[in-house]
Visitor: 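Here it is: the structure, laid out below.
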Number of protein chains: 2
Amino acid sequence: MQKQGLLTEVIDALCCLPGVGPKSAQRMALHLFQRDRGGAENLAKALQLAVVKLGNCKKCRTLTEHELCSICASATRDQHVVCVVESPADVWVINQATDYQGVFFVLNGRLSPLDGIGPDEIGIDQLEQQLASQQITELILATNSTVEGEATAHFIAQMALANHIKVSRLAHGVPVGGELEFIDSSTLAHAFSGRREIE
Amino acid sequence: MQKQGLLTEVIDALCCLPGVGPKSAQRMALHLFQRDRGGAENLAKALQLAVVKLGNCKKCRTLTEHELCSICASATRDQHVVCVVESPADVWVINQATDYQGVFFVLNGRLSPLDGIGPDEIGIDQLEQQLASQQITELILATNSTVEGEATAHFIAQMALANHIKVSRLAHGVPVGGELEFIDSSTLAHAFSGRREIE
C-alpha cells in the first residue's frame, strides 16, 4: 500500500533501462528525489527532447537529430568508403580507436531470421541502393564476430561482390597484449591461417 | 566529433544515476532510442511529473505527492507509535517484512557532522515538536546499524527520554539462517548479551 504514486511510477519507468531491476530502480529514484532533483529534471528534459527529435540519419541510419549525421555531412570524410556496423556504439569506438576517414552504414541490428529480423529490418535494401548507385568503391564489414554478425557480413559481402565492389572484413587474430596460452582455439586458428609476412 | 547532440545529452544526463558510468549510460541511451522509445517517453514523463509534484510528507517527511503520505493519512495506522528510519526505502522494507501498524518518521539522512549534516538537516527539530506535543507514546529507532546510524539513534533516544517517551532500538543478533561460525564477533557479542529466556 505504501509503494504507490509518482515515485512508484518513476521506479517502474526506470526498470525499462537495461540492467536495471526493481531494486536498482528504487535506489536510483530515491537518489534522484532525495539528493539530485536537478539531475532528475535534466534527465527528464534530455529524454523528452530526444524522444521528439532523435531520428535516423537519412544516409547511414545512425541516431541523429539532423537529416544527415555529422559524419555523413562532413566534407573531410571520404564518402566512397563505407564501413558497415551493427550499432551507433560501434561507430564511436571505431572513430576513437582508428584513423578511419570513410563513412559508416549502421544496420541497427543483425540478420536473425528466428527473431523475424530479415534484410529489410536492418536497412539492407537501403544499403543495396547505395551499392547499386556505384558511388561506393570499398565496403568494410565490421559487424560483430558472432554467428549472426558473420551471417550478416556474408550476406552483405555477396551483395557487394555482385556489384563489383571491393569488400573486406575486420581481421581475426590475437588481441594486442593477449597471451597465446589463454586464447580460444578458434581465434588462434584464425590468427595462424591469417599470419602476415614480415618484409 | 561524433559524440555530440541530443544523444550525448541523454548519455550525460543518465550519468547522474547512482551506479551508472559513461559506458552503461551509453548502453542505456542506445537501448532506449533503438529499441524502446515508449520506455524513454514514459521515463521522461514520470520524471518530469515527479520533479514538479513530489515533495515531503508534512508529518513524516517521506517522499509523496500529497500533503500527507498514505501511511500518515491512514485511519487504520496507530498514530501514537512512531518508527524513525533513515530513508523511504526503509519504510518499504519494514512494511513488507513486519506487521508494524504504527507510523514512521523519515530522517532522509543521518547525523554526520563531518559532512555538515546536523539535527536540523534531518528534521530532528520537527520530530522534537512531535515528541513535545505528547501525542507519541512509543518511539522505535530503526536507523541503520552504522556508526552514524547509531549516533543518530542515541541522539534521538536522549530527546525521547527527556520527554518521558518509551523508546526502543531494533535488536542486534544472529541473522535468521546465519551460521555462528561466519558471524562477526561484534554481532555475536550483541546476540549473546541480548539472549532471551525461553519460557
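Values below: every heavy atom of this structure, side chains too, minus hydrogens, waters and symmetry copies. Just so we're on the same page: letters track the sequence lines, and every chain starts at 1.
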Visitor: Is it the case that atom NE2 in H190(A) sees more than 12 heavy atoms from other parts of the structure closer than 6.0 Å?
Guide: no

Visitor: Heavy-atom distance under 4.5 Å to chain A: side chain of L54(B), backbone, both or neither?
Guide: both

Visitor: Is it the case that more than 12 heavy atoms not belonging to Q101(A) sit under 6.0 Å from its CD atom?
Guide: yes

Visitor: Report which part of V20(A) has an atom under 4.5 Å of a heavy atom belonging to chain B: side chain, backbone, both, or neither.
Guide: side chain

Visitor: Taking G118(B)'s backbone N and O only, do any of them form a donor-acceptor pair with E121(B)'s side chain (distance below 3.5 Å, no angle check)?
Guide: yes

Visitor: Quick check for you: among Q48(A), Q34(A), K45(A), E41(A), which has the greatest number of heavy-atom pairs under 4.5 Å with chain B?
Guide: Q34(A)

Visitor: Donor-acceptor pair, T137(A) side chain versus H80(A) backbone, under 3.5 Å?
Guide: yes

Visitor: Only pairs of heavy atoms separated by less than 4.5 Å count here; which of P18(B), A44(B), A46(B) has the most with chain A?
Guide: P18(B)

Visitor: If you count heavy-atom pairs under 4.5 Å with chain A, which of N42(B), L17(B), L49(B) comes out on top?
Guide: L17(B)

Visitor: Checking T152(B) side chain against E148(B) main chain: does a donor-acceptor pair fall under 3.5 Å?
Guide: yes

Visitor: Examine whether an atom of N108(A) lies under 4.5 Å from a heavy atom of chain B, and if so say whether it belongs to the side chain, the backbone or both; otherwise answer neither.
Guide: both

Visitor: Who in residues 168-187 of chain B is close to chain A, using a strict under-4.5 Å heavy-atom cut-off?
Guide: none

Visitor: Taking atom CD as the centre, does Q158(B) end up with more than 12 heavy-atom neighbours from other residues, nucleotides or ligands that are less than 6.0 angstrom away?
Guide: yes

Visitor: So, the side chain of D90(A) versus the backbone of S87(A): is there a donor-acceptor pair under 3.5 Å, distance only?
Guide: yes

Visitor: Keeping the roles fixed (side chain from E86(A), backbone from L107(A)), state whether a donor-acceptor pair exists under 3.5 Å.
Guide: no

Visitor: May I ask you to decide if F105(B)'s main-chain N or O and R61(B)'s side chain share a donor-acceptor pair within less than 3.5 Å?
Guide: no

